[in-house]
Peer 1: 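Let me give you the structure first, and then I'll get to my questions.
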Amino acid sequence: NSAVNINRSTQKYIQNKMVEAHQICVQIQNEIVGWEALFKPFNFYTEFINYIKITGGCETDSYFWFGCLESKLRYLKEKIESLPRISLVRIWPKGYTRKENARTIQ
């Protein structure tokens, strides 16, 4: 359920991105820019100058661990957003499997 990750700041961010996309679509229709303008890669470091990277791992049930970590990240996000000088906090919880060794030992 993605609705749990939406709040006022996230809604505002999405709405701003939709306005930007609409402006680009209008430029495409008017042949000012090509389609590549709509699909340019997202530059995280330009968009967010300040960020915190949190990583974690587990040896057993990774789905349970990921769910717990994601829940705690949402809680941390809410606490940070409640600070008066903070306008936007985004979380990108992303699970992955780490390969310790690429070669097979027989």
Side-chain angles (χ1 to χ4, degrees):
N1 185 354
S2 61
V4 73
N5 293 322
I6 303 294
N7 59 18
R8 284 198 170 112
S9 68
T10 308
Q11 179 186 8
K12 183 178 178 182
Y13 180 81
I14 292 170
Q15 288 172 331
N16 288 340
K17 289 298 178 184
M18 295 297 286
V19 167
E20 286 179 29
H22 178 262
Q23 291 170 348
I24 293 171
C25 287
V26 168
Q27 291 177 343
I28 292 169
Q29 285 180 331
N30 294 330
E31 299 180 352
I32 297 170
V33 298
W35 281 100
E36 68 279 352
L38 189 61
F39 299 105
K40 67 181 181 180
F42 175 74
N43 189 337
F44 177 87
Y45 301 103
T46 302
E47 185 88 16
F48 300 99
I49 298 167
N50 301 309
Y51 63 93
I52 299 171
K53 180 179 178 181
I54 300 172
T55 57
C58 71
E59 296 290 326
T60 57
D61 188 359
S62 61
Y63 292 108
F64 175 75
W65 169 253
F66 183 75
C68 289
L69 186 59
E70 186 177 22
S71 172
K72 295 300 180 188
L73 285 173
R74 279 195 303 269
Y75 180 74
L76 175 63
K77 174 186 182 289
E78 290 171 9
K79 291 296 181 185
I80 293 173
E81 281 182 332
S82 69
L83 299 172
R85 296 175 61 187
I86 304 297
S87 61
L88 176 65
V89 177
R90 298 279 317 274
I91 60 171
W92 277 280
K94 180 180 177 184
Y96 67 94
T97 303
R98 179 174 50 181
K99 294 183 180 179
E100 291 294 330
N101 194 345
R103 59 189 172 127
T104 304
I105 299 173
Q106 295 182 356

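Basis for what follows: all heavy atoms, side chains included, without hydrogens, waters or symmetry-related copies.
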Peer 1: Rounded to the nearest 0.5 Å, what separation is found between the CG atom of N16 and the CD atom of E20?
Peer 2: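 Rounded to the nearest 0.5 Å, the CG-CD separation comes to 7.0 Å.
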
Peer 1: How long is the gap from CD on Q15 to NZ on K12, to the nearest 0.5 Å?
Peer 2: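 NZ of K12 is found 9.5 Å from CD of Q15.
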
Peer 1: Tell me whether the count of non-hydrogen atoms from other residues, nucleotides or ligands lying under 6.0 Å of CD1 in I52 goes above 12.
Peer 2: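 Atom CD1 in I52 is not crowded, with 12 or fewer foreign heavy atoms closer than 6.0 Å.
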
Peer 1: Return each pair, listed once, that meets side chain to side chain donor-acceptor pair (under 3.5 Å) where at least one residue sits in residues 21-38; pairs must be two or more places apart or across chains.
Peer 2: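 Sorted pair list comes back empty.
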
Peer 1: Which atoms form the tightest heavy-atom contact between I28 and L38, and what is the distance?
Peer 2: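 Result for this residue pair: CD1-CB, 4.0 Å.
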
Peer 1: Show your reasoning for whether side chain to side chain contact (heavy atoms under 4.5 Å, CB included) applies to L73 and K77.
Peer 2: CA-CA 6 Å; L73 285 173; K77 174 186 182 289; over 6 Å; no

Peer 1: What heavy-atom pair brings V89 and I80 nearest, and what distance separates the two atoms?
Peer 2: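 Taking every non-hydrogen atom into account, CG2-CG2, 3.5 Å.
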
Peer 1: List the atom pairs, with distances to 0.1 Å, where a side-chain N or O of residues 40-47 and a protein N or O form a donor-acceptor pair under 3.5 Å, not counting sequence neighbours.
Peer 2:
unit_1: N43; atom_1: OD1; unit_2: Y45; atom_2: N; d: 3.2
unit_1: N43; atom_1: OD1; unit_2: T46; atom_2: N; d: 3.4
unit_1: N43; atom_1: ND2; unit_2: T46; atom_2: OG1; d: 3.0
unit_1: E47; atom_1: OE1; unit_2: K17; atom_2: NZ; d: 3.2
unit_1: E47; atom_1: OE2; unit_2: Y13; atom_2: OH; d: 3.4
unit_1: E47; atom_1: OE2; unit_2: K17; atom_2: NZ; d: 3.4

Peer 1: Taking I86 as the starting point, is it possible to reach L76 by hopping between hydrophobic residues whose side chains are less than 4.5 Å apart?
Peer 2: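 Yes, L76 and I86 fall within the same hydrophobic cluster.
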
Peer 1: Take a 6.0 Å sphere around OH of Y51 and say whether it holds more than 12 heavy atoms from other residues, nucleotides or ligands.
Peer 2: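 Atom OH in Y51 is not crowded, with 12 or fewer foreign heavy atoms closer than 6.0 Å.
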
